[in-house]
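Data block below; observations after.
If you read the sequence from its start, that first residue is 1, and numbering goes on from there.
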Amino acid sequence: MAMAGRLRSGLPLLRRALKVGDLSAAERSVAPSAVLCPAICNTEMSARSFASGPPAKEQKVKVPLTMFGVSGNYASALYIAAVKANALDKVESELLSLVEASKKSPTFSQFMKDLSVTADTRVKAINDICAQAKFSEITKNFLVVVAESGRLGHIERMAQRFSELTMAHRGEVKATVTSVIPLPPEEEKELKETLQEILGKGKKVKVEQKIDPSILGGLVVEFGQKVFDMSIKTRAAQMERFLRQPINLDGQ
């Protein structure tokens with residue numbers, strides 16, 4: 001009960017700060033990745049289409065977010081192919097299921113990261129897995145390209161970036177809420193409504209909860225490119241810094 005009370009006490013201040021845009025006291029920037037993809041990445045991605053069958057009339061597809069780095073380039077190319085094939089949700093589901101399988105199987109996870117495995121072996125294994133899982137041709141072709149290039153170890157990051165693109169495509173914005181206990185349904189609803197007011201129509205808030213006992217209490221809300229930190233851990237650190245400041249006894 002005491003912990004739930006701490007969560008409730010933080011929400012009014014969070015709502016006020018989010019609505020007026022005054023995050024100066026508790027926000028910090030979330031720096032986006034700015035690693036440029038090597039030139040070889042563009043060569044690999046442009047040399048092969050993930051879609052199967054004869055080319056149809058060219059469809060112009062605009063990627064909703066600008067992605068950087070190797071994972072971003074791969075995710076963007078997959079997004080374009082999936083949109084053209086009208087298979088965005090299916091490809092996302094298949095990609096995430098592969099990632100989950102790798103997390104549950106240490107052997108499979110190690111195989112994907114082992115660069116000593118030959119390209120032929122990697123490709124054969126991926127083809128077998130896709131056949132058994134009945135993955136779509138787009139997903140299979142994408143994974144084959146990733147296997148050939150020796151980048152299976154980056155597949156989780158690619159899947160994350162791809163999910164960011166699919167969320168943007170659906171007009172969704174993710175808000176990550178970190179607390180020491182799960183946020184009560186009524187508090188989650190209240191927070192979601194506040195964020196939805198800020199976004200306005202045409203966008204949909206998708207709240208993701210994370211549990212982290214190390215913050216000691218309170219909330220940390222990551223929303224867009226902002227982080228609103230109302231955790232007890234941060235407050236305690238701020239108080240400690242304040243108490244360590246020298247005191248002017250002369251009043252000057």
What distance do [X] atom [atom1] and [Y] atom [atom2] have between them, rounded to the nearest 0.5 Å?
X      : Y      : atom1 : atom2 : value
Thr139 : Leu98  : OG1   : CG    : 9.5 Å
Ser71  : Arg151 : OG    : CZ    : 9.0 Å
Glu92  : Met167 : CD    : CE    : 9.0 Å
Arg157 : Ile155 : CZ    : CD1   : 12.5 Å
Leu143 : Asn127 : CG    : CG    : 9.5 Å
Leu96  : Thr166 : CG    : OG1   : 8.0 Å

Minimum heavy-atom separation for [X] to [Y], with atom names?
X      : Y      : answer
Val99  : Ala159 : CG2-CB, 3.7 Å
Ser179 : Ile215 : CA-CD1, 3.7 Å
Arg161 : Ala75  : CB-CB, 3.7 Å
Gln196 : Lys204 : OE1-CA, 3.7 Å
Ala82  : Phe162 : CB-CZ, 4.3 Å
Gly217 : Val180 : N-CG1, 3.5 Å

Starting from Met239, walk the hydrophobic network (Ile, Leu, Val, Met, Phe, Trp, Tyr; side-chain heavy atoms closer than 4.5 Å) and list everyone else you reach, by chain and number.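 Direct or chained contacts put Met239 with Phe242, Leu243.
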
So does Lys174 get a backbone contact from the side chain of Glu208, meaning a donor-acceptor N/O pair under 3.5 Å?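 A pair under 3.5 Å: no.
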
Given 3.5 Å as the limit, does a donor-acceptor pair link the side chain of Ser149 with the main chain of Val145, or not?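 Yes; at least one donor-acceptor contact below 3.5 Å.
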
Residues that [X] engages under salt bridge (charged side-chain N to carboxylate O under 4.0 Å, His left out), provided they are two or more places apart:
X      : value
Lys189 : Glu193
Asp89  : Arg170
Lys140 : Glu137
Asp128 : Lys124

Side chain to side chain donor-acceptor pair (under 3.5 Å) assessment of Asp120 paired with Thr118: CA-CA 5 Å; Asp120 289 344; Thr118 65; 5.6 Å; no

With sequence neighbours left out, write down each residue that passes ring-ring contact (aromatic ring centres under 6.0 Å, His included) with His169, or none if nothing qualifies.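 Result, ring-ring contact (aromatic ring centres under 6.0 Å, His included) vs His169: Tyr79.
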
Looking at side-chain heavy atoms only, is the closest gap between [X] and [Y] below 4.5 Å?
X      : Y      : result
Val220 : Asp212 : no
Ser76  : Leu165 : yes
Leu95  : Leu78  : yes
Gln160 : Glu156 : yes
Phe142 : Tyr74  : yes
Val91  : Ser136 : yes
Lys90  : Phe135 : no
Val205 : Leu191 : no

Quick one: do Val227 and Ile211 end up in the same hydrophobic cluster if we chain Ile, Leu, Val, Met, Phe, Trp and Tyr together by side-chain heavy atoms under 4.5 Å apart?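 No; Ile211 is not reachable from Val227 via cluster members.
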
Decide side-chain contact (heavy atoms from CB on, under 4.5 Å) for Val61 and Lys84; before the verdict, give the C-alpha distance in whole Å, the side-chain angles of both, and the deciding distance to 0.1 Å. CA-CA 7 Å; Val61 177; Lys84 288 182 177 181; 3.7 Å; yes

side-chain contact (heavy atoms from CB on, under 4.5 Å) between Arg122 and Met112: does it pass, once the steps are laid out? CA-CA 8 Å; Arg122 289 195 300 266; Met112 298 219 297; over 6 Å; no

From CA spacing to verdict: side chain to side chain donor-acceptor pair (under 3.5 Å), Arg241, Gln238: CA-CA 5 Å; Arg241 287 195 297 270; Gln238 292 171 344; 5.6 Å; no

